[in-house]
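Worksheet: one structure, shown below.
Hydrogens, waters and symmetry mates are skipped; everything else that's a heavy atom, side chains included, is used. Here is the naming used below: chain letters follow the sequence lines, and residue numbers restart at 1 for every chain.
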2 protein chains.
Amino acid sequence: MEKEDALNALAALGQETRLDVFRLLVKAGKEGMTAGAVSDALNVRPNTLSTHLGALSRCALVRAERDGRSIHYIADLATMQSLVTFLLRDCCGGNPDLCAPIANLFTTVSCSDTKGL
Amino acid sequence: MEKEDALNALAALGQETRLDVFRLLVKAGKEGMTAGAVSDALNVRPNTLSTHLGALSRCALVRAERDGRSIHYIADLATMQSLVTFLLRDCCGGNPDLCAPIANLFTTVSCSDTKGL
DNA sequence: TCCATAATTCGAGAATACTCGAAATAACGA
DNA sequence: TCGTTATTTCGAGTATTCTCGAATTATGGA
């Protein structure tokens, strides 16, 4: 992940409604939730939520899948993991090899093997 | 870490200058850098930088240590790690035990054992 | 004490972001 | 085709954030 992508992702998550949306979708798992369901759950107006979902989509923290009239939004933990790796890059005295593999465990060992995200 | 703390930290890092500052301090290691050195390195005016350093300090991503006339700023990776843990909480279908211990490895195993952060 | 250096605080202007109501688009079923 | 539901786009108003010059505080040395 490049700096600009990380910056966009961090800015996206640094806003209360969007952080709530992302965490809700993380909990919802691979099925995700429709925009309407998120709107109801968080009590955010549909048009406002749509703006936020657009922001999360643009930086790939979330992806959209249309299903009939509804659109399911699903958290993309691979992006989350890239972000984490980026943030901890050079955290061990400029030797990223020490931290990066551990960051990979988030998805490769734990999450994807248990619930498939 | 609580949601509000995570939100503040994410908002702090979601701004280019502050992200640059934080990453620079991560690379600088436990010695940190003086405000002036950061100002020179990133080409940001001292008063503007001071505002950003204040923002990073307020959410504990950075801590300050005065040394004579200078003030050293040091990245606090423990906060970073708490943030990561918070973001990935419930990423394994509501079973945080699967992910949280792995998040802990960032500091307990890798970083603190090698350079003491 | 007086001066120089290091950093912060203050106040204001410009730019950006958030939210909303209204209108538009997309998909389904009768 | 028409109506209904789900979601997005548009435009504007309000609020927040960023940056800056100027002034202020803090420290150390002559």
Between [atom2] on [N] and [atom1] on [X], what's the gap in Å once rounded to a whole number?
| X | N | atom1 | atom2 | answer |
| --- | --- | --- | --- | --- |
| B:Glu16 | D:dT19 | CD | P | 9 Å |
| B:Asp67 | C:dT5 | CG | P | 18 Å |
| B:Asp20 | D:dC18 | CG | P | 13 Å |
| B:Leu42 | D:dC18 | CG | C1' | 16 Å |
| A:His52 | C:dC18 | NE2 | C1' | 6 Å |
| B:Leu49 | D:dC18 | CG | C1' | 13 Å |
| A:Leu53 | D:dT9 | CG | P | 11 Å |

Open item on the list: If the cut-off is 4.0 Å, is B:Arg18 near the phosphate of D:dC18, judged by side-chain N/O to OP1 or OP2?
Closed with: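 Yes, within the criterion.
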
With heavy atoms under 4.0 Å as the rule, sort [X] into base, sugar-phosphate or nothing.
| X | result |
| --- | --- |
| A:Thr48 | base |
| B:Ser39 | nothing |
| A:Arg69 | base |

- [ ] Report the residue from B:Val26, B:Thr79, B:Asn8 that forms a side-chain contact (heavy atoms from CB on, under 4.5 Å) with B:Leu61.
- [x]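 When side-chain contact (heavy atoms from CB on, under 4.5 Å) is applied between B:Leu61 and each of B:Val26, B:Thr79, B:Asn8, only B:Thr79 qualifies.
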
- [ ] Using side-chain contact (heavy atoms from CB on, under 4.5 Å) as the criterion, point out the one residue from A:Leu56, A:Thr51, A:Leu53, A:Leu13 that pairs with A:Arg18.
- [x]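 Exactly one option meets the side-chain contact (heavy atoms from CB on, under 4.5 Å) with A:Arg18, and it is A:Leu56.
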
TODO: Determine the minimum heavy-atom distance between A:Tyr73 and A:Val62, stating which atoms define it.
DONE: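 So the two residues come closest at CD2-CG1, 3.4 Å.
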
Task: Non-hydrogen atoms of A:Leu49 and A:Ala35 that approach each other most closely - done: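 Nearest heavy atoms, A:Leu49 then A:Ala35: CD2-O, 3.1 Å.
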
Task: Closest-nucleotide ordering on DNA chain C, the 5'-leading residue of A:Asn47 and A:Gln15 - done: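 Whichever sits nearer the 5' end wins; that is A:Gln15.
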
